[in-house]
Amino acid sequence: MTDVASIRPLLAVLVSAVAIPIILSLKGRPNVREGVTLTVAAAKFAIVASMVPGVLSGTVYVFSFGQFATGIQLALRADPLGLLFAALASLLWIVTSFYSIGYMRGLDEHAQTRYFASFAASLASAVGVAFSANLLTLFVFYELLTVSTYPLVTHDETDEARAAGRKYLAYTFGGGVAVLGGTVLVFFLTGTTAFTPGGIEALATADPTLARAAFALLAAGFGVKAALMPVHSWLPDAMVAPTPVSGLLHAVAVVKSGVFGIARLVLDVYGTDLMSDLGVDLPLAAVAAFTLLTASVIALRQDNLKRRLAYSTISQLSYIVLGLALLEGQALVGGLLHIPAHAFMKLTLFFCAGAIHVETHTDDISDMAGIGTRMPLTMAAFAVASAGMAGIPLVAGFVSKWYLVIGALEGGGLVFAAALLVSGVLNIAYFWPIVYQAYFESPESHDEKPLVEAVLGGRSVRADGGDAETVDPETEEAAADDDEVPDPQHIDHLGKHREDVEHHGGPPASGWDQRNWRGAESTWFMLGPILTAATLSLLLGIVPRGVVFLRIVETIVGSLPGVVL
C-alpha cells in the first residue's frame, strides 16, 4: 500500500456537514430542501467512488489535521476497509433519501427539515468513522455519530421516543467511554493508536494482561453499537424511530459502525496472530455465536414486524463479528462481505415494513394475512430479502454465509459452523411465515403468529368440535371495557394507540384491496428504493465481484500478513 496525501477523504466527510445549515435554511421550501439532500448524497457517493480504483490498485488516500500533542493526531485515511464502509453508507444514503421523501410526506410527518438535517450530520459522522486513521479519530466520530442520530431516534417526540432516546444515549455513550479507555490503554502500551494492517507491532511485546484489558474495553465499547448481547436492548427500543431511520441508521450506519470498529480492532490494532496468542479470539467468537442464536429465537416471538427485524439485525450483526473472531481467511471474507450483504437485505425489509405502515397502518405480523394482494411488489421484495437472510442461493446472504461456514470448518470451528447453520434454519422459521401468509392465507383463515406462540399441530379444538378460542361476546365486551391500557405491541411508530382501527391497521372489513403489479400499491418514491435495495441484494448474490464489494473485501484480507485466502 502506498500513502498519498489527498483532500478527498476530508471532502467526503465535509460535503454533507456543509449541507446541514443549507437544509435548515430551507424549512419553508421542502422541494428545494429535498433537492439539496439528493444532490449532496450523490456528491458524497461520487467522491467516495472516485477513490475505489486507486484503493484497489494499492493507493491509500491520507489527510491529516495535524498533531495536537505528542502522539495525538487527528487524521483521515481512505484504505480498503474504510472504503468498504464509506461506499456502502454513501450509496445507501441516496436510496434512503428518495424513500424518506415518500415516507415523510406519506405520513405528513412533523419536523421534516430537522429530520433531513440530522440525516446529513449522521452520514458525515459515519464516513468520518470509516476514514479514521487511528483509534482517537475513530472515537471522535464514533461519539459524533451518537449525537447526530439522537434527534432521529427521538423524532416522534412521544414519551416512548424520549425513553428510547435516553436508553440509546446511556448505552452508546457508555460504550464510547469504554472505547476511550481502551484507546488510552493502547497508547500507554505502544505510544501510538494508528491503524496498521496486521496490528500494531508494539502490542506484541506489551504486558499481556494489560493488552487483554485494552482489547476487552475496545470490544465492549464497539460491541454496544454492534448490539452484542447483553448490551443489545437499545436497538429494539430504537425501532420507535421512523422506518427510514431504522433502515439506514440501524441496519447500516450506526450498527455497522460498531462492527466496523471491531473489524479495525481485529485487523488493524491487534492483528490475527496476536489475538490468537492472547487467547481473546475464542471469547469474542463465543459471545457472537450466543448472540446470533439467542436473538434468532427471540425474533420468533415478536409479532410487531419492526421488532422482529430488530432482533434479526442483532443476530445478523453477530455473523460479522463471528467471522472476524474466527481469524481464518475465508471466514474473514465472509464476515466483511456480510456488511454490505446484510445492509442491502435488511434495508429492503425495513423499507417494506415502512411502506406497509404508510399504506395500511399495519405493523403486526398477525394482521398481514393476505396482504400480498394489496402490496404485491412490496411483499415480493420482502420475500427476496428474506430468502437472502436465510442464506438461500442467488441472494447476497448466501455468498457471505458460504464463506463464513467454509471458514469455520477450515479453522476447526465445528461448533461455530453448526451455530451458523442452525441460525439459518431459524431465519427461515421467522421470515417464511410472513411471506407465506401474505400470499397464501386470507384474513379469515390463518395460523397464529408469532410461530412459537401458536398451538403446535393446528388450532385448538374443544371436545364438542368447537373452536377453543371462541369467547362469549358479553364476556369479551366486559374484558375490553376493563382494559384501559393499550397493548404495547399495538403501539404504532408514533407511540399512539390508534382508536380508529383494531391493532392499528390490518385488513378492512371487506378484505384487502387487490392491486396490480405495476406500482398501484404505493408511490414510486417508496417503491423505487425498495426495488433498488432488493436488486442490489440479488446482484451481490449473483455477481458479487461485479458489485465491487467482494473485490474490496478480498483486497482487505489479502493484505493481512499471515492470512491465507
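Along the sequence shown, residues carry numbers from 1. Note that this is a predicted model, so its numbers are computed, not measured.
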Identify the heavy atoms of [X] and [Y] that sit nearest to each other, and give their distance.
X      : Y      : answer
Ser312 : Lys346 : OG-NZ, 3.2 Å
Pro197 : Asp268 : CA-OD1, 3.4 Å
Val240 : Ala161 : CG1-CA, 3.8 Å
Met239 : Ala310 : CG-CB, 3.6 Å
Met389 : Leu349 : CG-CD1, 3.9 Å
Val13  : Leu76  : CG2-CD1, 4.3 Å

Is the closest side-chain heavy-atom distance between [X] and [Y] below 4.5 Å?
X      : Y      : answer
Leu267 : Leu332 : yes
Thr172 : Glu143 : no
Phe260 : Val129 : yes
Val4   : Val60  : no
His155 : Val245 : no
Tyr311 : His232 : yes
Val62  : Ser6   : no
Phe549 : Phe344 : yes

Salt-bridge present ([X], [Y]; N to O < 4.0 Å):
X      : Y      : value
Arg77  : Asp3   : yes
Arg308 : Asp364 : no
Arg105 : Glu34  : yes

[atom1]-[atom2] distance between [X] and [Y], expressed to the nearest 0.5 angstrom:
X      : Y      : atom1 : atom2 : answer
Glu521 : Thr378 : CD    : OG1   : 4.0 Å
Thr192 : Asn134 : OG1   : CG    : 7.5 Å
Lys27  : Phe116 : NZ    : CZ    : 14.5 Å
Ser122 : Leu145 : OG    : CG    : 6.0 Å
Leu185 : Leu218 : CG    : CG    : 8.5 Å
Met51  : Arg8   : CE    : CZ    : 6.5 Å

Item to check | Short side-chain donor-acceptor distance under 3.5 Å, Lys44 and Ser90 | outcome: no
Test your reading of the model: is there a side-chain donor-acceptor pair from [X] to the backbone of [Y], 3.5 Å cut-off?
X      : Y      : answer
Ser57  : Gly54  : yes
Thr360 : His357 : no
Tyr99  : Phe351 : yes
Thr59  : Val55  : no
Tyr270 : Phe215 : yes
Trp234 : Ala227 : no
Ser318 : Val321 : no
Asp363 : Leu305 : no
Lys306 : Ala241 : yes
Thr137 : Ala75  : yes

Is the distance between the ring centroids of [Y] and [X] under 6.0 Å?
X      : Y      : result
Phe131 : Phe85  : no
His342 : Tyr319 : no
Phe65  : Phe63  : yes
Tyr168 : Tyr150 : no

Item to check | Derivation of the side-chain contact (heavy atoms from CB on, under 4.5 Å) call for Gln316 and Leu292 | outcome: CA-CA 6 Å; Gln316 296 290 325; Leu292 69 88; over 6 Å; no
Item to check | Test log, rule salt bridge (charged side-chain N to carboxylate O under 4.0 Å, His left out), inputs Arg114 and Glu109 | outcome: CA-CA 11 Å; Arg114 182 187 68 195; Glu109 286 278 7; over 6 Å; no
Checklist entry - Between Thr348 and Ser537, does a side-chain contact (heavy atoms from CB on, under 4.5 Å) hold up when you go through it step by step? => result CA-CA 9 Å; Thr348 302; Ser537 301; 4.0 Å; yes
Item to check | Positive for side-chain contact (heavy atoms from CB on, under 4.5 Å) with Leu540, one of Val395, Val399, Leu337 | outcome: Leu337
Checklist outcome for this item: Only one of Asp79, Leu81, Leu138, Ile200 passes side-chain contact (heavy atoms from CB on, under 4.5 Å) with Phe195, and that residue is Leu138
Item to check | Face-on cation placement of Lys225 at Tyr142 ring, 6.0 Å and 45° thresholds | outcome: yes
Next on the checklist: Under the criterion salt bridge (charged side-chain N to carboxylate O under 4.0 Å, His left out), I'd like the reasoning laid out for Arg307 against Asp237: C-alpha separation, chi angles, the key distance, then a yes or no.
Outcome noted: CA-CA 8 Å; Arg307 288 188 68 86; Asp237 289 351; 3.7 Å; yes
Checklist entry - Would Leu84 and Leu88 satisfy side-chain contact (heavy atoms from CB on, under 4.5 Å), going step by step from the backbone distance to the final call? => result CA-CA 6 Å; Leu84 175 70; Leu88 178 67; over 6 Å; no
Checklist entry - Are Thr243 and Tyr103 close enough, and set up right, to give a side-chain contact (heavy atoms from CB on, under 4.5 Å), and what steps lead you there? => result CA-CA 8 Å; Thr243 301; Tyr103 185 92; 3.4 Å; yes
